[in-house]
Amino acid sequence: MSEFDDAKERIRARVDLAQLVGETVALKPAGRGQLKGLCPFHSERTPSFHVHVERGFFYCFGCGAKGDVFDYVMRTQGLEFRDALQLLGERVGIEVRGAPAGQGRRRDLLEINEAALAWFTGQLAGSPAADYLRRRGLTDETVRDWGLGFAPDAWDGLLKHMLTRGVRDDDLLSAGLITENERGRRYDRFRGRVMFPVRDGMGRVVGFAGRLLDDGVPKYLNSPETALFKKGELLYGLDRARTAIRESGEVIVVEGYMDVLALHQTGFGNAVAALGANLTVEQADQLTRLDAQRVLLAFDADEAGQRAVLAGLEQSVGRRFLVQAVRLPSGKDPADAVLAGEAERVAFAAALRTGVSEVAFRFERVLAQHDAATPRGQRAVLLELLPALQPRDVVDPVASELRRLVVDHLGLDAGRLDAWLASQRPQRLDETSVRGLRRRGEDLSPVRLLELEVVGLLLLEPERLRERVRRALAALPAETGESELVAFAELCERCGWHDAEIVAAVQARDGGERVLERLVVHAAESSADVRLDVDLRLDQLLSRVREHHVEAGRRLRQERLMQRLEEARAEVHDPATPRERLEAAYADLAEVQGALSAREGERRLRSAETLRRIAHRRRGRA
């Protein structure tokens with residue numbers, strides 16, 4: 001075996017394919033020795049990309065992509081085999097010798113970018129760029145870790161340096177490091193600028209961005225489009241934010257390079273920057289593979305600007321995530337907001353939980369185009385929102401949130417809406433069908449309907465009425481608002497627990513026809529061949545009633561927290577607020593942020609538990 005082939009086999013044995021793939025694709029267990037995730041080679045809704053851990057290969061049932069570690073790197077990075085081998089060899093500390101002569105073009109450009117980065121960082125000490133970064137609040141550690149540098153204000157500083165190292169000016173031009181005027185003169189592209197290396201998802205330097213230190217234009221200058229630098233496919237900071245995004249399910253998207261640096265420095269490790277005015281489909285693909293569920297657009301904009309950002313968002317991007325445009329405190333950009341002090345950092349963290357929801361924005365925009373008070377208008381709204389209302393997967397947060405808005409604002413029955421969405425041809429919706437989707441009465445909320453059914457069940461066996469009413473009341477949470485069960489217990493007390501009087505009184509109340517309807521149904525079930533287990537049915541209904549009341553309590557607490565948040569933010573932003581009141585407002589912000597974070601953690605636990613229950617039911621059916 002040649003030295004080259006030996007190195008290849010040692011690299012194959014040393015590289016963990018699952019770990020390599022897991023750096024860009026969120027993988028989950030899929031049976032013995034297998035993992036699965038969303039395919040990086042084609043767009044899909046449900047995972048069909050499988051990694052066979054022990055056998056060291058991947059296969060996608062959707063597009064047919066397959067191969068080993070070398071194939072994966074070649075396909076994801078666009079490399080020739082020898083370049084993929086070299087890259088993986090560096091990853092595991094194995095030197096590749098005896099490779100075929102000549103390195104791939106992309107490899108040349110990567111090496112040139114690394115050499116340019118070393119030169120830029122070497123120019124930073126004692127430069128005006130170092131002073132600028134220090135004034136902005138970046139630590140020496142952040143500057144060093146992110147590889148920030150300086151391009152002196154000279155026409156050919158980098159060009160001369162690279163020529164002395166044997167790099168051709170044609171290659172520098174291909175890498176986007178120099179430019180050429182109409183007379184054929186070549187000179188440095190970046191001059192008098194703070195330099196930010198832009199890395200791809202694997203941490204390789206694929207280009208640069210430079211910021212002027214004076215008031216000239218353009219303020220920021222990026223590398224041109226090259227074989228490596230594809231602006232619409234890159235997210236600045238993604239190589240460092242990947243783990244935090246996967247663990248939290250959230251990503252903060254900002255506009256500026258400085259914003260990303262400041263956020264990471266102050267603990268917001270899931271921040272990235274879009275190298276443009278908004279997220280592209282290609283950038284969204286990368287976030288989807290990391291299992292991001294929520295995207296927080298922290299751009300420097302007022303509410304009108306936030307809505308403009310959402311309006312410009314690619315529809316397919318908004319369909320994948322719960323997107324929220326965040327209004328920054330005091331109108332500052334994210335970097336200034338988090339570097340101004342602990343209180344401002346807390347205010348920024350709190351602001352991430354507020355803002356304009358893309359789902360709500362989309363719903364409001366559709367609602368404004370139709371008369372939602374009429375069946376014709378409601379039909380138009382439902383048909384326009386139909387693609388987004390239909391779940392893309394078992395758990396689809398965007399569809400769930402939109403469904404909630406439709407149910408609440410159009411007064412529809414949630415169960416009937418779900419049945420319509422699950423029907424074979426939901427597009428066939430006429431005005432008569434829309435009327436059938438409506439709730440029978442605005443007061444008959446899902447929890448009230450459940451409680452009326454419980455009342456009908458309680459009346460089924462008068463001899464056990466008192467005992468079961470006590471059980472029903474005990475099942476309610478401590479902080480329960482209006483409840484049919486509480487009202488029914490009071491009615492029983494007033495009627496002295498006499499069955500005939502109670503039934504007459506119930507019949508006279510609003511919703512009484514529903515109670516009698518359920519009473520008849522329960523009685524029919526009890527007289528059937530298989531007798532109704534009243535206690536079991538009662539426990540099932542009470543469990544659902546409790547869940548509804550607990551969720552209502554959560555929503556009420558959330559509204560109160562958001563009200564406190566807005567009040568505290570108003571005081572913080574008001575220059576007339578006395579110092580002592582300002583300190584109290586900052587304390588309120590910190591307390592509210594803590595409560596919101598706790599609620600978010602609780603929400604994720606509930607989502608995880610729901611997924612576990614679904615998986616358990618599926619295994620049971622299998």
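Start at 1 with the first residue, then count along the sequence. Heavy atoms only: backbone and side chains are in, while hydrogens, waters and symmetry mates are out.
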With a 4.5 Å heavy-atom cut-off, do [X] and [Y] have their side chains touching?
X	Y	answer
His50	Cys60	no
Val272	Ile252	no
Val21	Leu35	no
Phe208	Phe229	no
Arg362	Val398	yes

| message | Using the rule side chain to side chain contact (heavy atoms under 4.5 Å, CB included), only one of Leu138, Thr121, Thr142 pairs with Leu148; which is it? | response | Leu138
Would you say [X]'s side chain and [Y]'s backbone share a donor-acceptor pair under 3.5 angstrom?
X	Y	value
Asn270	Glu250	yes
Gln265	Thr139	yes
Thr266	Val338	no
Gln34	Val53	no
Gln283	Thr280	yes
Glu225	Lys231	yes

Is it true that [X] and [Y] have ring centroids separated by less than 6.0 Å?
X	Y	value
Phe361	Phe363	no
His52	Phe57	yes
Tyr257	Tyr220	yes
Phe348	Phe268	yes
Phe81	Phe70	yes

| task | List the steps, then state whether side chain to side chain contact (heavy atoms under 4.5 Å, CB included) holds for Thr46 with Leu38. | result | CA-CA 7 Å; Thr46 55; Leu38 295 175; 5.8 Å; no
| note | Contacts satisfying salt bridge (charged side-chain N to carboxylate O under 4.0 Å, His left out) that involve residues 257-283 (not counting sequence neighbours) are none
| Tell me, which pairs form a salt bridge (charged side-chain N to carboxylate O under 4.0 Å, His left out) where one or both residues lie in residues 46-73, sequence neighbours left out? | Arg12-Asp68
| request: If a pair satisfies ring pair (Phe, Tyr, Trp, His ring centres under 6.0 Å) and one of its residues is in residues 272-291, list it, with sequence neighbours excluded. | output: none
| message | Applying side chain to side chain donor-acceptor pair (under 3.5 Å) to Ser357 and Gln324, what does each step give before you reach the verdict? | response | CA-CA 4 Å; Ser357 160; Gln324 183 173 307; over 6 Å; no
| field | Salt-bridge contact Arg403-Asp418 (side-chain N to carboxylate O under 4.0 Å) | value | yes
| field | Asp285/Arg320 ion pair, N-O < 4.0 Å | value | yes
| message | Side chains of Tyr72 and Thr24 only: does a donor on one sit below 3.5 Å from an acceptor on the other? | response | yes
Considering residues at least two apart in sequence or located in another chain, which fulfil the side-chain contact (heavy atoms from CB on, under 4.5 Å) criterion with [X]?
X	answer
Glu547	Ser543
Asp145	Glu141, Arg240
Asp291	Ala26, Lys28, Gln293

| So, for Gln286 and Leu238, which heavy atoms are closest and what is the spacing to 0.1 Å? | OE1-CD2, 3.1 Å
| query | For Arg136 and Asp336, what are the C-alpha separation, side-chain angles and deciding distance, and is it a salt bridge (charged side-chain N to carboxylate O under 4.0 Å, His left out)? | reply | CA-CA 8 Å; Arg136 288 298 304 268; Asp336 291 336; 3.5 Å; yes
| message | One pair to check against side chain to side chain contact (heavy atoms under 4.5 Å, CB included): Val260 and His264. What are the steps and the verdict? | response | CA-CA 6 Å; Val260 173; His264 277 259; 3.6 Å; yes
